[in-house]
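Both ligands and their constituent atoms are indexed starting at 1 by order of listing. Keep in mind that the numbers below use all heavy atoms, side chains included, and drop hydrogens, waters and symmetry copies.
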Amino acid sequence: MNIIEVHRLSKDYVMGDQVVHALRAIDLTVEPGEFVAIMGPSGSGKSTFMNLIGCLDRPTNGEYLLNGEAVARMNDNALADVRNRYLGFIFQNFNLLPRTSAIKNVELPLMYAGSKNRHEKAKAALELVGLGQRMDHKPSELSGGQQQRVAIARAIVNEPVLLLADEPTGNLDSHTSEEIMAVFQDLNHDGKTVVIVTHEEEIALHCKRIIRFKDGRIMVDEKVKKQTNAREVLQKMPNPDDPPIVVTA
Ligand code: ADP
């Protein structure tokens, strides 16, 4: 079964007497285990598309099957339920609760879902993203990269079928971005389906497939021929926190 199946998906916004065609009859399939980058210039429809895929909004026309469930015409409650069951979200600004420890942040979705063994599950998710030692720290006591790891742990703790990330490296330096892409690549390697929006070509090349939007349409849908391996890049990349190398004559 496909994770995402979209047929003739459209979204119009009515602004006074004008209609903006933000998405124009998109067709798209994403299979389990894919790692997709969504690209395109500002105004091309990326956010509209992600909002629909993330069940945060409904299309004007067309069909959307998420993990086999028809969601295009669900009401708000049903959409919220689908979001909780199937999706994990990661944002550019991490969106963590600032005065709440890392582990409590990760436990939140488990609370909404009424899950048992919340502490153990949240701990396991934090360990998976390499933050087992920082569980009791508040976001303000963590670096940007560590905060994004907490956000990823929060997104995966409910075992969603799809991870959706909106510019997940947009606020991070290049070394930290590479570390975050390594986490996504590990998760994808373990079978997780991942869709990210990015405007950086270098980041997109860490994915397996790039979909380029323009004027509400998919202009290019291509397989990445040589996927960048984040861990290989990190091995060659100096860590900005290391002392500078001084060359003396
Ligand atoms: P992107 O994320 O690629 O920048 P968007 O999906 O935000 O593109 O926007 C696609 C088009 O839809 C743009 O022309 C934008 O102005 C318009 N648009 C987006 N959201 C709204 C909205 N809530 N109301 C009216 N127009 C919108």
What's the shortest distance from [atom] to any protein heavy atom, and which residue and atom give it?
{"atom": "atom 10 (C) of ligand 1", "answer": "Gly43 O, 3.4 Å"}
{"atom": "atom 8 (O) of ligand 1", "answer": "Gly45 N, 3.1 Å"}
{"atom": "atom 2 (O) of ligand 1", "answer": "Ser47 OG, 2.5 Å"}
{"atom": "atom 5 (P) of ligand 1", "answer": "Thr48 OG1, 3.7 Å"}

Decide whether an N or O pair under 3.5 Å exists between Val20 and ligand 1.
-> no
Is there any N or O on Ala22 that sits under 3.5 Å from an N or O of ligand 1?
-> no
With heavy atoms of [X] as the reference, note each atom of ligand 1 found under 4.0 Å away.
{"X": "Met15", "value": "24 (N), 25 (C)"}
{"X": "Pro41", "value": "3 (O)"}
{"X": "Lys46", "value": "1 (P), 2 (O), 3 (O), 4 (O), 6 (O), 8 (O)"}
{"X": "Ser44", "value": "1 (P), 3 (O), 8 (O)"}

Side chain Thr193, main chain Gly33, donor-acceptor under 3.5 Å = yes
Test side-chain hydrogen bond (donor to acceptor under 3.5 Å, both in side chains) applied to Asp173 and Thr176, step by step = CA-CA 5 Å; Asp173 64 61; Thr176 311; 3.0 Å; yes
Quick check: are there more than 12 heavy atoms from other residues, nucleotides or ligands sitting under 6.0 Å from CD of Glu202?
-> no
For atom CD of Gln18, is the number of surrounding heavy atoms from other residues, nucleotides or ligands below 6.0 Å larger than 12?
-> no
Is the shortest distance from atom 21 (C) of ligand 1 to a protein heavy atom below 4.0 Å?
-> yes
With a 4.0 Å cut-off, strictly under, does atom 16 (O) of ligand 1 pick up any protein heavy atom?
-> no
Which one of Arg73, His7, Arg8 satisfies the side-chain hydrogen bond (donor to acceptor under 3.5 Å, both in side chains) criterion with Glu63?
-> Arg73
Given the options Glu200, Gln185, Glu178, His206 meets side-chain hydrogen bond (donor to acceptor under 3.5 Å, both in side chains) only with Glu178
Min heavy-atom dist Gly40 to ligand 1 below 4.0 Å | no
Check the pair Lys46, Glu167 against salt bridge (charged side-chain N to carboxylate O under 4.0 Å, His left out), reporting the backbone distance first and the verdict last.
-> CA-CA 11 Å; Lys46 304 181 298 293; Glu167 299 271 3; over 6 Å; no
Selected option - heavy-atom contact closest to atom 18 (N) of ligand 1, from Tyr13, Phe49, Phe213 = Tyr13
Reference residue Phe49; test side-chain contact (heavy atoms from CB on, under 4.5 Å); the match among Val197, Leu28, Ile211 | Leu28
So, Asn84 versus Asn158: side-chain donor-acceptor pair below 3.5 Å or not?
-> no
